[in-house]
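Start at 1 and go down the list; that is how both ligands and their atoms are numbered. Residue indices begin at 1 and follow the sequence shown.
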Amino acid sequence: MRINALPSGNGFNFEISHAPEKSLARVGTISTPHGDIATPAFIPVGTKATVKAVLPETMKELGAQALLSNAYHLYLQPGPDALDEAGGLARFMNWPGPTFTDSGGFQVLSLGVGFKKVLAMDAQTFRSDDVIAGNKERLAHVDDEGVTFKSHLDGSMHRFTPEVSMQVQHKIGADIIFAFDECTTLHNTRKYQEKALERTRLWGIRCLDEHQKLTLERSEKPYQALYGVIQGAQYEDLRKKAATDMAALRSTDPDSPIGFDGFGLGGALDKKTLGTILTWMNEILPAQKPRHLLGIGAPEDLFVGVENGIDTFDCVLASRIARTSAVYTMVGRNNLSNAINRRAFEPIDDECDCYTCANYTKAYLHHVFRGKEIIAATLATIHNERFIVRLVDQMRAALISGDYFEFKEQFMGRYKHLSGQARD
Ligand SMILES: [Zn+2]
C-alpha cells in the first residue's frame, strides 16, 4: 500500500489511503472547502444548477457526495454575476456539499457543430452524420484565441476564451473547475487532433495564468481547484503527450508558477479501448493528484475507469434515461413503460435500497410514466442515481476489502447476461 498526500493550505487536498498492487486503482479522499469526497465516487450532474426533478436533500440522502454543473449553461442563464452574488453555486442551489463545473468547452463545441446530445462511444455505430448534422447551422467557430458561438437559447453571439472560461467559473464558484479545452471527436483527422492538442496545451497555460490571477484577486472566496484536461482521442502517442504536457504545465508567473490541482480525462472515447486509453494517461499522470473521467457513467465503464485509476466520474446518463422510463437493475436495464410492468407489483430492483424501491412498485411507475405524471421522472431519477452512486461506493468498499475483482465478476456476470438478452 502506498500513501500519498498532496500538501495544501488552501482547503483542497487529495489523500490516497489504499492503492492495491498490480492495478492503477486507488481509494482516497478529496477535501474541498465545501466538504470531502470519498473516492472513487460518482458525481451526479445538475447541468443548470439542478438535478432535474430531484431535491438537493434527496440527492444527499441517496448518497451523492458532490454535484457537477455546467459553466456554459450557467453563463447563458442566469449568468455568472447572479451566481457570484448568490454566494456561489452550492449556496445558490441549496446543495450542502462540494461542486464541480465543466469548463463549457465541450458544450460550446458540441452544441456548435450539432452533435447528438450524447457522444456515442462506439466508433462502429458512430456515423459522421451523427457528428455534424447536415441541415443544422454551424453555431461555433474555433480559432487559436478561443471559440465564438451562437447561444442555443436566443441566437445571440458569444465568445469563450480560456480567460473567459476561468472568469465565468470563478464567479460560479464551484470547488473543482476545469481548464478550457478543445474537445474533438473520433472522426476528426489525425492532423486536426494534433492541432487541437497543441491548442489545448497553450490554452492550459492561459487558464493557469488567469486562475492564479483570479485566486489572488478573490482571496476572500473559498479556494477553487483547477483540473487540466487531457485529450488526444484514440491515439496512444497523443494521449501520452497530452498527459506528459499537462502534468508539467505551469503558469508563467516567474516567482511562484502553479500547476494543475488534478486532471480531467476527456474526449470521445471508444468503449472497447477505454481501459487501454486510460492506462496510457494514468501511468504518466502524477499519482498524488486526483483524476476525473468526464461524461462516463454506464456501469461497465465505471468498472473500467476505477481499475484504471479514475477517482471521480460524472455523467448525465442516469438521470436522462430515467426521464425516458429506463432504469438500471442488477440484471440490466428495464423500461418501465413496457406493458410487462403494468401489473408488476414489486420494486424496480429488490436489491436496491433507494426511496423509490422501498415505497413504490413497477406497476405504479408504469402508470405514472404512461400518464406523463411529473412524479415519474422524480422516482425514476432517484432510483437510477442511487444505483450508480451505490455501485461506485461498492467498488470502493471492495477495493478496501481486497475483493474488487470478485465483486466485479459477480456484478457483471448478472448485469451483462440479462442486459444482453433484453436487447432486441
Ligand atoms: Zn431503487
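- Qualifying salt bridge (Lys or Arg N to Asp or Glu O under 4.0 Å) partners for Asp36, counting only residues two or more places apart in sequence or in other chains: none.
- The shortest distance between side-chain heavy atoms of Tyr328 and Pro299 falls below 4.5 Å.
- A tilted orientation is assigned to the rings of His292 and Phe100, their planes being inclined by 30° to 60°.
- Sorted by first and then second residue, the pairs that involve residues 363-387 and meet salt bridge (Lys or Arg N to Asp or Glu O under 4.0 Å), not counting sequence neighbours, are Asp353-Arg386.
- A search for salt bridge (Lys or Arg N to Asp or Glu O under 4.0 Å) contacts involving Asp84 returns Arg218, Lys221, not counting sequence neighbours.
- Protein-derived N/O/S atoms nearer than 2.8 Å to the Zn ion (ligand 1) total 4, waters excluded.
- For Gln77, the CD atom sits in a loose shell: 12 or fewer heavy atoms of surrounding residues, nucleotides or ligands are nearer than 6.0 Å.
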